[in-house]
Amino acid sequence: MVRLDRSFYSRYTPDVARELLGSVLVRVIGGQELRSRVVEVEAYRGADDPASHAYRGVTKRTSVMFGEPGHAYVYFTFGFHHCLNLTTETEGEPGAVLIRAVEPLKGIDEMKKRRGVEQLTNLTSGPGKLAKALGIDLSLNGEDVVRSRELFVLRGRLDGNVAVSTRIGISSGQEKPWRFYAEGNPFVSGARTINYRTLESARRGVVG
DNA sequence: GTTCCGATTTTCT
DNA sequence: GAAAATCGGAACA
């Protein structure tokens, strides 16, 4: 399998997000390889996106989003959870794709152990859950996934259709149809959002 | 320095 | 459906 290269990430963030669906996330930890398929993502940009951490410009936390594309942006939230993003756009132009859900492929027992749960569909069906299952924390913030041996992404395709919706858990920028997920996949995190049937209808802002 | 609050998850009612 | 858990970053003074 082929690793996604720098040029893949160096594009308009919603495009990168959508095409990241189906790719294989590889995490090497403690001599073990954990593999999972990306099934749900969200795009976050900069000055045009009030929901983004990078909206107000460069800060200590968001500097990774402004840096070279193809790096991991990991942040800690609610005092409990880590979330994994992959940076996009070009140097100086902020952007990142939040990995919201993955489908476990390999190392499932290790993921269960790290999560402390048995049910397969509850293992990685949310951004905080998958970060815990894969052992992702702030030490991986800034990691170059184009070169890293601990965290990287392989090219892959989705079997089914891509669905589009508004993003989850944000208080501004709610109208943007920048959440993409594998339709019908049981690992996609559940939440009430506007769901668009096609990309075209999403662009027009028409439901259904 | 102090305050506010979040790109969440789990558990309880 | 609602609330609690718990902490670091960012904003404001």
Side-chain angles (χ1 to χ4, degrees), chain A residues 9 12-18 20-21 25 36 38-67 69 71-89 93-104 111-143 145 151 163-182 186-195 202:
Chain A
Y9 299 100
Y12 182 63
T13 308
D15 290 341
V16 178
R18 191 175 62 248
L20 221 33
L21 288 177
L25 183 64
S36 57
V38 177
V39 296
E40 181 185 356
V41 295
E42 283 177 1
Y44 288 88
R45 275 172 44 89
D48 64 341
D49 183 6
S52 173
H53 290 164
Y55 181 59
R56 296 165 192 275
V58 186
T59 64
K60 186 178 176 184
R61 180 171 61 153
T62 63
S63 63
V64 179
M65 284 184 72
F66 287 80
H71 287 249
Y73 165 47
V74 181
Y75 67 86
F76 184 61
T77 189
F78 288 96
F80 281 91
H81 310 290
H82 294 278
C83 294
L84 172 66
N85 301 248
L86 301 174
T87 61
T88 58
E89 306 284 342
E93 187 65 32
V97 175
L98 171 67
I99 310 297
R100 283 198 58 91
V102 298
E103 177 177 344
M111 295 185 206
K112 285 180 177 174
K113 204 165 140 191
R114 289 182 175 278
R115 280 274 287 128
V117 300
E118 278 298 315
Q119 195 192 4
L120 189 62
T121 52
N122 189 33
L123 216 47
T124 56
S125 55
K129 296 179 188 178
L130 74 90
K132 187 170 184 187
L134 301 180
I136 289 167
D137 60 23
L138 288 178
S139 70
L140 282 170
N141 189 33
E143 185 82 0
V145 299
L151 183 68
V164 185
S165 84
T166 52
R167 293 172 294 181
I168 293 175
I170 55 175
S171 52
S172 50
Q174 294 165 336
E175 77 291 347
K176 286 181 166 44
W178 284 359
R179 172 173 175 256
F180 306 92
Y181 60 96
F187 295 92
V188 170
S189 67
R192 288 202 175 70
T193 51
I194 299 171
N195 290 290

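Naming: A, B, ... by sequence-line order, numbering from 1 per chain.
Between A/Met65 atom CE and C/dA10 atom P there is a gap of 12 Å when expressed in whole angstrom units. Rounded to a whole Å, the CD1 atom of A/Ile168 is 8 Å from the P atom of B/dT8. Computed from coordinates, the A/His82 NE2 to B/dA7 P distance equals 15 Å when rounded to whole Å. Regarding A/Glu40, its CD atom lies at a distance of 10 Å from the P atom of B/dT9, rounded to whole Å. The distance from atom CD of A/Gln174 to atom P of B/dA7 is 12 Å, rounded to the nearest whole Å. For the pair A/Arg167 CZ and B/dT8 P, the computed distance is 12 Å after rounding to whole Å. Look at CG on A/Leu123: it is 14 Å from C1' on B/dT9, rounded to the nearest Å. For A/Lys129 and B/dA7, the NZ to P distance is 18 Å, given to the nearest whole Å.
The residue A/Gly128 sits close only to the backbone: its heavy atoms come under 4.0 Å of sugar-phosphate atoms, none of a base. A/Leu98 comes within contact range of at least one nucleobase, with a heavy-atom separation under 4.0 Å. Across all strands, A/Phe76 comes closer than 4.0 Å only to sugar-phosphate atoms, never to a base (heavy-atom distances).
By the criterion of a centre-to-centre distance under 5.5 Å and near-parallel planes under 30°, the ring of A/Tyr44 forms a stack with the base of B/dA7. Stacking of the aromatic ring of A/Tyr75 onto the base of B/dA7 is not found under the criterion of centres within 5.5 Å and planes under 30°.
You'll find the side chain of A/Trp178 stays beyond 4.5 Å of the side chain of A/Ile170, heavy atoms only. Side-chain contact between A/Leu25 and A/Leu84: present, with at least one pair of heavy atoms (C-beta onward) separated by less than 4.5 Å. Counting heavy atoms from C-beta outward, A/Tyr73 and A/Asn141 have side chains that approach closer than 4.5 Å.
For A/Ser52 (side chain) and A/Arg45 (main-chain N/O), a donor-acceptor pair under 3.5 Å exists by modelled atom type. Side-chain atoms of A/Arg114 never come within 3.5 Å of backbone atoms of A/Gly135 as a donor-acceptor pair (strictly under, hydrogens ignored).
The nucleotide whose nearest atom lies closest to any side-chain atom of A/Phe78 is, among B/dT8, B/dA7, B/dT10, B/dT8.
Ring planes of A/Phe76 and A/His82: tilted class, angle from 30 to 60°.
Neither OP1 nor OP2 of B/dT9 sits under 4.0 Å from any side-chain N or O of A/Arg115.
When each of A/Leu138 and A/His81 is assigned the nucleotide of DNA chain C with its nearest heavy atom, A/His81 is the one assigned upstream, toward the 5' end.
Contact record, A/Val16 with A/Tyr9: CG2-O, 3.7 Å, taken as the closest heavy-atom pair.
For the atom pair CZ of A/Arg179 and CZ of A/Arg100, the computed distance is 6.0 Å after rounding to the nearest 0.5 Å. With values rounded to the nearest 0.5 angstrom, A/Leu98 atom CG is found 11.0 Å from A/Leu20 atom CG.
Scanning DNA chain B for stems, defined as runs of 3 or more consecutive Watson-Crick or G-U wobble pairs whose donor-acceptor distances all fall under 3.5 Å, gives the following ranges: B:1-6 with C:7-12, B:8-12 with C:1-5.
Shown for residues 52-61 of chain A: residues whose heavy atoms fall under 4.0 angstrom of DNA chain C, namely A/Arg56, A/Thr59, A/Lys60, A/Arg61.
By the 6.0 Å contact criterion, OH on A/Tyr55 is open, its count of non-hydrogen atoms from other residues, nucleotides or ligands being 12 or less.
With both ends at atom C1', the span from C/dA3 to B/dC5 equals 16 Å, rounded to whole Å.
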